[in-house]
Each structure stands twice: as structure tokens, then as C-alpha cells.
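Below: one structure, written as C-alpha cells.
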2 protein chains.
Amino acid sequence: MKPTIYDVAKEAGVSIATVSKVINNTGKMRDSTRENVKEAMLRLNYQPSLMASALTGKGTETLGLLVPDISNPFFSEMARTIEDRAHESGMSVIMCSTDENPEKEKKYLELLQRKQVDGFIVASSFQDKNLLKGLKKLRIPLVMLTQDDIGLDVTSVSVDDFKGGYEATSHLITAGHRNIAIIAENANSSKMRIYGYREAHAEHGLICSEENIFQTTASITNGKECLKEMVQKENVPTAIFACNDLIAIGVIQGAKELGLKVPEDLSIVGFDNTILATTTVPALTTVAQPITEMGNKVVDVIIEEIKEKNRGKERVLFNPQLIVRGTTTSID
Amino acid sequence: MKPTIYDVAKEAGVSIATVSKVINNTGKMRDSTRENVKEAMLRLNYQPSLMASALTGKGTETLGLLVPDISNPFFSEMARTIEDRAHESGMSVIMCSTDENPEKEKKYLELLQRKQVDGFIVASSFQDKNLLKGLKKLRIPLVMLTQDDIGLDVTSVSVDDFKGGYEATSHLITAGHRNIAIIAENANSSKMRIYGYREAHAEHGLICSEENIFQTTASITNGKECLKEMVQKENVPTAIFACNDLIAIGVIQGAKELGLKVPEDLSIVGFDNTILATTTVPALTTVAQPITEMGNKVVDVIIEEIKEKNRGKERVLFNPQLIVRGTTTSID
DNA sequence: ATGAAAGCGCTAACAT
DNA sequence: ATGTTAGCGCTTTCAT
């Protein structure tokens, strides 16, 4: 059997209370006692049970991370930095992929609550905001990542989507493009990117046709489909701003299949700057989210909230950065 | 406060034992009682605490997954299928990236033990086998994924690396290549792939020069470096078998920088068939691991082991499949 | 400085 | 069919 606090107490010839104190580094006692107990722990290879201590009201030292899909490079890269930062504070992370499916969202949220995670990080899109309200009501720490909801009074860490959309589009407009399509996701972040897209047009005195605004869910296939749809409608833009790298790659591949040259016939800008943006040829011009900074920040923030339950809610906005690579060029 | 089993008992007018029985669907009781209790649970929005039940000896319904790096698409894709399959059995997954660093391996192993995970899945390379032996000694369920160690009597799920290496190399040899380099990882799986590479040479009556065998760790940069090294040594092969997609992509990019045309000047075969293999141009010829099947299997197996602790250890081998795409061509 | 004991929310053996 | 009760391994208050 694994040794318990009782075994250690016996081994060290003290009471379990004393052992508990050395485990938690609390209370006062003779140095020799402390050493004595420590040695006993070592001898028995004792590991305090987190279950038991969690039961007494202490935390589980576990974070719940809800993402749409961990196999999407954007989220796996984000997850990696979250994992590392969390471990620095002795926290581990349980990850769940929701597929943006409200049933799964509910299921995982409940599951993680039963596991008594100390806090939740909810990334990019959560369909059922009421579930989140439920968490708030129970005063369970929650931070939203890469999304924020005006209706929900919750701390959030995201990139400035408006600015990102604006810069991507401006880049294209400046390069001479006048017929620019945008392929967005059905997410709040995309909504802001669309506004940025509009703003860029407005600022240059251009009007943007509603027909150039497409919505889909993030995947290579859908990106490809979208482009084909444009071609069928015989309204092929000279440039496309895809609201994430996955879609952008779909567009690149679709272009290839359709015999369109990138960037000569079609310029493409992505969003996220995942590893995928560096593996295409030509490499993808994209709007980078500072994934590492954001991941670190979101962990810092959730840990803060766990420590002092009702802190003022902040909304942290990071700056996106346009990274010009090979998929965009000027025309005329 | 969150309702406890006592609250439910009071609400339903029964004892906590009865409530416990309906939670676990055990014991016998009047249907009306069961219904009555269920309604009480609903009314209070009661969620049984997994902490408490874990403390009484039941499992935590949590799996520990150790991978080298969750941000590597191969592992994130694998993690995704593991997560899904685990959830089907009501298990969640805590993921940890070890970076193949023995310190981290140790740290995470201990951490997860303290969290009392019901079992471990250890993927691709674990430096310190002794740690694993420790687990075995404590009779903690453990399954190795994408690696197996002859010395360790442990269940494993992997792809047939020998066969994979053999097929990748045969494909190249059949295409007329005679100077084929292999870039391997410092892992056991790569060892078998190298043997497959040798076997293919032998079978065709070819000798393979030791100078053509390179070892590195998986990353795009390292792939690039390796190719440059070859060029410096002025021994540029006509084909390279990279032991994973990441390295293969590095080689592709390196080739581009060096002015080598793929596949005309240099054929390249990867391994894994991750999403990355589909985003390069030309798309990467690679050896596919059946990620979904493997992920499902490894979960099934670990759950079996959790159920009946000492089962016969099995070694499951999946078939790799060569997927010919654009980075290989015949010469002469 | 150290220890005794109550309790955290649950399970399971044993009573009733 | 239902309830009583003794743990599970730990924290924490209150004594000593």
C-alpha cells in the first residue's frame, strides 16, 4: 500500500498533525522535528494524497481547459504554453475538446466541476453562455481566452480582433486590391475581424459588398469549399482574408486545384500564425496572435482569480501582428 | 455551498446510504424511492464529488497522458482521439509534455500519481525506464504508445516501425534511388525504422553507408540543419527518408533554400502523416500511422488494465501505410 | 512545540 | 428495503 500520513507519523514518532504541518510548511516547530519528519517521508517515499487534501477544502491544483479542438494547431500550441505555465505554479491541466457542440460543452463543464477543478479556461467560442453564467453563480473562477462576451462579466484574454482584421485588410487594400473577400468563422472573434475589415474599407473610401463576406467553420476543407463557391458564383476576388490559417490553407489548396496562382492571381492572408503558416509554399502571410504571451497571461489571470475569488474583472487585449510572407502581392 | 449527499438525503427523506445506492446504481430498493431520490438530486442540482468517492478507494476516472510535446501535430492528433475515446468511458485526460526531459518525466509522473490517476499512457519515448518500472511495482496500470521496450514487461500499442522503414525505403529504391539518407530520431521507434531501412537495402542487394544515417530530434529546424550538413559534406543523396513529418518539412524547406528542387533533385519521404503532410507543396509522401485506431486502442487497453489489474501484457502492432504524394519521384 | 479530535463527502459492510 | 456507522487521508482548531 501507498504510505499515508499515519505511516509517516509513526515512522517519525510524531502525530499526524505535525506531519501535516511539515507538508504544508505551516505552523512552528523545532527544526530538528521538521528534519526528522522530512527524512521519514523520504524513507517511505511518501506522497501526500491530493484527493484527501482536496476533500478538506483545499484546491485540486487542476485547471480545466475547454477548447474547440485540441488537434487544431492553434489550440495545441496554445495548450502547450498553458500547460507549461500552469505547471510552474504546480497546477495541471485537463483538456477537453468541445467541437463547439453545446452538449459536449455541458457534459465537460459538469464533469470538470465534479472533479472540482480550481478554475476554467474557456477558449474561442462557447455556444451556451448560460452554462458560463452558471459557473459564475457558483463563484467558480473562469477566464475566457480568445473571445469575450460583452454580456458576461468575466475576465478575458484575447487578441485585438478588430485591429487584426483591420490590418490584414489594409495590407491588401494598400497593395491595390479592390475586390477582397473575407471568410469568417461563426464566432464572436470573427465578428470583430469583420468589423475591422469593414473599417479598413471605409477608411480608404471603399465600399465592401456583403457578397464578399463568407462564414464557415474552421477547416481546410471548408476553406477550399468557400473558394469554389466564389468561383461558381463567378465573383472571384483578387484577394481573400481568411479568419484563420486552416481556412487560408484550404484556400491555397483550392486555388491550386482551380489553376489560380498564389499570389499572382489570388492573394491570401490568414490569421493565427500557427506552424501551418510556415509549411505552405509560398509561406502564408498571416496575422499573428502572440500565443505564448496569451497563454502565459491567461494562466496568471486564472490563478489570480483562484487566489482571491472576487477580483475586478479585466479584459486583456493583445496586439496582433501582421506577418507578411509569400501569399500576398500587390496588383497593377 | 454545493449540495452534498446529506442535502439530497434530507431533501428526499432518506438516508445517505440510499442516496449513495442510487448514485452508483447498486443495491435494491423500491422504484418509487429511487425516483424520489433522483428528483431530489435534480432539484438541488446535485453533483456527487469525485474527490470524496476517490478517497474511498474508487477510481478518479482520470487518465494521465505523457507525450513529448502536445504542440507537435502528431501528438495533438493522437491526443484528440484519446480524449474522445476516454470520454466515451467517462474518463478524462490530463496531458503533460515531457520534452523528453527526464526531470519533467519524473515530476509529472509523481504529480499524476498524487492526483491518483487511474492509469498512464506514455507516448513515444520515455527516457528514464526506471521510473516506469516504479509504476509497475506499484501496480499502477500503464500502457506505452508508439514505443515499446523489450526490457519492460508492459502492454504497448505501436505501429510496425520496421515495416514502415522498410516500405519507405523500398519505395525509394524501387524508384531508382541508390543514395538514400535517413534522418532518424533518438528513439527506439526510429531504431526499428533504421533496421527497416537496412533491410530494404539488403533485400535489393544494396549496401547502405553508415554516413547516410543521421540522428536528430524532431523539429523543422533540425531537418533543415541535417540537409545542410549533408550538402556541406558534399554527399548529397538523391532521396531522404525522414523519420517524421516535421523533419521532412525541414528538409523540404532546406532544399528550397539551397536551390534543390523537390522531387526532381531530391525525393523525400516522411513518417506519421500528420496534417502537415497535406499542407506542403508538393504534398508529402509519407508513412501513415493509423492515429485514430491507435488512439482508440490504447484507451481500450488501458481501461482493460484498470478493470482487471494483472492482465496478460499484450503488444499491439498496427500496420503503417505508405502514402505516395508529391515529394517522391523516380530517377534516371 | 506538539497532539487529540472533528470533519470534508462519500462507500460499503453490517444492522434493522 | 432502508439506515447506521466506520473508515478513506488529510487539514485545522483547540488543548496540552
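What you see is a predicted model; the values in this text were computed from it and never measured.
Look at NZ on B:K10: it is 12 Å from P on C:dG9, rounded to the nearest Å. Here C:dA12 presents its P atom at 11 Å from CD1 of B:I5, a figure rounded to the nearest Å. With rounding to whole Å, B:Q47 atom CD is found 20 Å from C:dC8 atom P. One atom, CG of A:N24, and another, P of D:dT13, lie 12 Å apart when rounded to the nearest Å. The interatomic distance linking A:N25 (CG) with D:dT12 (C1') rounds to 16 Å, in whole Å.
Residue A:Y6 places no side-chain N or O under 4.0 Å from the OP1 or OP2 atom of C:dG3. At the phosphate of D:dG3, OP1 or OP2 sits under 4.0 Å from a side-chain N or O atom of B:S15. The phosphate of C:dC8 has neither OP1 nor OP2 within less than 4.0 Å of any side-chain N or O from A:T56.
Residue-to-nucleotide proximity on DNA chain D shows that, of B:S32 and A:S53, the 5′-proximal contact is made by B:S32. Projected onto DNA chain C by closest heavy-atom contact, A:I16 and A:M29 fall at different nucleotides, the more 5' of which corresponds to A:M29. Looking at which nucleotide of DNA chain D each of B:A52 and B:K28 is closest to, the 5′-most match is held by B:K28.
Proximity note for B:S49 (side chain, C-beta onward) versus D:dG3, D:dC10, C:dC10: the nearest is C:dC10. Across C:dT2, C:dA4, C:dG9, the shortest atom-to-atom separation from the side chain of A:L55 is found for C:dG9. In this structure, of D:dG3, D:dG9, C:dT2, it is C:dT2 that holds the atom nearest to the side chain of A:T18. When distances run from any side-chain atom of A:T4 to the nucleotides D:dG9, D:dA1, C:dA1, the shortest one goes to D:dG9. The side chain of A:K21 approaches C:dT2 more closely than any other nucleotide in the set C:dA1, C:dT2, C:dC10.
Here A:T26 lies out of heavy-atom contact (under 4.0 Å) with every strand. Within 4.0 Å of A:K58, counting heavy atoms only, lie sugar-phosphate atoms of the nucleic acid but no base atom. If you check every strand for non-hydrogen atoms under 4.0 Å, A:V14 touches sugar and phosphate atoms only. Counting any heavy atom pair closer than 4.0 Å across all strands shown, A:S20 reaches a base atom.
A salt bridge does not link B:D153 with B:K313: none of the charged nitrogens is closer than 4.0 Å to a carboxylate oxygen. One finds a salt bridge joining B:K106 and B:E110 here, because a Lys/Arg side-chain nitrogen approaches an Asp/Glu carboxylate oxygen to under 4.0 Å. Looking at B:K115 and A:E61, no side-chain N of the basic residue comes within less than 4.0 Å of a carboxylate O on the acidic one, giving no salt bridge. Between A:D118 and A:K307 there is no salt bridge, since no side-chain N of the basic residue sits under 4.0 Å from a carboxylate O of the acidic one.
Contact annotation: side chain of A:K2 to base of D:dG9, donor-acceptor pair absent below 3.5 Å.
Taking the side chain as every heavy atom from C-beta outward, B:S156 and B:V316 never approach each other to under 4.5 Å. Taking the side chain as every heavy atom from C-beta outward, A:F126 and A:L66 approach each other to under 4.5 Å.
Axis orientation changes by 40° from one end of the helix from C:dA1-D:dT16 to C:dT16-D:dA1 to the other, with each end axis drawn from 5 pairs and the value rounded to 10°.
Residues A:S15 and A:A9 approach most closely at C-CB, 3.8 Å, considering heavy atoms.
Residue-environment remark: CG (A:D31) stays at or below the threshold of 12 foreign heavy atoms within 6.0 Å.
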